[in-house]
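Please read these numbers as outputs of a predicted model, since none were measured by experiment. Counting convention: from 1, in listed order, for ligands and their atoms alike.
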Amino acid sequence: MSSPSISSTQSVSTSLAWWQAARFGLSLHFGLYTVAARGEWVRSMERMGPEEYRAYFDSFNPEPGWATGWARLARESGAKYGVLTTKHHDGFCLFDSALTEFKATNTPARRDLVREWVDAMRAEGLGIGLYYSLVDWHHPDCPATGDRQHPLRHHPDSPARDASADWARYVDYFHGQILELCTNYGRIDQLVVDFSYWDYQGEKWGATEIQRKVRALQPHITFNDRWANEPRKRVPRPAYAGDYEQTEQNIPREGLRDDAGQPMPWEAWFTLTNSWSYSATDNLWKSPATIIRALVNCVSKDGNLLLNVCTDARGRVPGQAVATLQEIGEWLSLNGDSIYGAGAASAEFAKPEWGRYTQKGNTLYAHVLEQVIGNICLPGLRGRVKRARLIANNAEVIICDYWNPGIQTFDGPDDIFFNFAAPTAWTYPLPDSRDTVVSFDLTDEIDRLSERRRLEEALGRSLERKPIG
Ligand code: GLC
């Protein structure tokens with residue numbers, strides 16, 4: 001099966017299915033804070049006043065071509081969609097909003113950077129996700145006093161500032177901005193909001209109303225879950241709960257299910273270093289193998305991986321990130337069939353001890369993550385495999401049995417094995433130490449019993465295990 005194609009004409013009913021099939025996306029945190037180069041929370045952490053933060057506004061000027069460079073790299077990495085911070089918690093807008101002056105078109109950049117990014121992503125054929133921060137440290141109607149993270153939380157003038165704050169006015173403002181984003185940039189695939197805390201939850205954001213208005217404009221759009229912290233697994237879900245769950249810097253131990261036991265679409269969101277936005281001192285890069293394995297881990301549990309890759313203030317992606325993404329892309333170009341459009345294997349195929357399974361239709365993919373000594377066990381797959389291939393090069397992989405079935409102790413009579421060469425009992429280094437992917441075409445019928453009978457006849461004895469003692 002081929003990877004899902006991303007088209008701008010996909011129908012309403014298939015939008016979440018499209019996103020789930022895409023499996024791998026990249027996100028970008030971009031804004032004034034990249035000039036400070038110590039994280040997107042810098043204004044809050046250092047309790048900066050607006051004048052101090054203004055210095056970044058006055059010097060923010062990404063290079064022309066920043067968006068095309070990022071989008072090309074996203075495509076080369078094998079990602080199928082991207083998410084851009086159109087406004088982060090600092091309230092600065094990368095887009096030309098009619099509702100604020102605190103925007104990219106008023107910086108030395110003088111350009112609508114959301115427009116540039118959306119155009120670049122479309123040109124690469126990638127899905128468009130827009131991130132919008134519900135939290136706003138710039139807007140005067142968002143109270144600072146007593147807030148846990150507002151930069152002016154301890155400022156002596158804040159009580160006077162907050163006296164005239166009007167929450168309904170802020171809600172109108174941000175609803176208006178979200179509608180701008182969903183009106184002015186063509187088809188938007190995802191709206192990703194961030195974040196809820198304390199009583200800033202659900203209807204305090206006017207969440208049902210704004211989602212209704214957005215859907216009227218973008219019927220196919222998907223919403224993430226950060227409109228509130230609570231509904232999560234509850235059934236029925238509140239109207240504003242969103243279409244999928246997002247975990248942050250964490251992959252759940254098992255795929256997510258709601259309280260009625262139904263699988264929930266989900267995505268794990270990770271950083272490539274340990275920072276969301278460009279940090280001059282964070283050089284703790286995750287390796288290509290770590291990301292590839294995280295992606296496989298997610299897909300093996302029916303989840304997506306959203307990987308954050310930031311640019312510096314000029315809009316350039318650090319060299320280490322470029323190299324890592326290109327290597328991931330190279331792996332995906334060889335092994336993408338086991339990721340795109342694939343998901344968790346059916347329940348009969350439990351996680352093997354040497355790695356993970358993913359499955360697409362009648363093809364089971366073995367992701368061998370650990371060097372195995374001897375041949376590699378496929379528990380319970382006797383009679384289920386028609387043929388096996390190393391998908392990176394379509395080379396045959398040998399399906400074999402216990403090397404000496406008449407004598408050896410059996411783990412299970414329905415186990416079979418595979419190996420990359422003959423003699424099949426030998427040990428061969430894994431062809432790809434990051435993740436070697438073997439595809440197994442499964443038989444339509446479980447033919448385990450007749451297979452077992454054939455082996456019993458060949459051995460001249462029963463393979464039924466007898467209780468010990
Ligand atoms: C957290 C951080 C924020 C970042 C986000 C990404 O909510 O506050 O800075 O954008 O995670 O998931």
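- Here salt bridge (charged side-chain N to carboxylate O under 4.0 Å, His left out) pairs that include residues 61-75, with residues two or more places apart or in two chains, are E63-R314, E63-R316, R75-E124.
- Judged as a side-chain contact (heavy atoms from CB on, under 4.5 Å), and not counting sequence neighbours, the contacts of R54 are F57, D58.
- Checking each of W41, F102, F92 against W137 for a ring pair (Phe, Tyr, Trp, His ring centres under 6.0 Å) leaves exactly one that passes, namely W41.
- Relative orientation of the Y131 and H89 rings is tilted, given thresholds of 30° and 60° on the angle between their planes.
- The immediate protein surroundings of ligand 1, defined as residues with any heavy atom under 4.0 Å of it, consist of H29, E40, W41, H88, H89, Y131, D194, F195, R226, E248, W269, W276.
- For R434, the salt bridge (Lys or Arg N to Asp or Glu O under 4.0 Å) partners at least two apart in sequence or on another chain are E327, E330, D432.
- Note: H29 and W269 have tilted aromatic rings, judged against thresholds of 30 and 60 degrees for the angle between ring planes.
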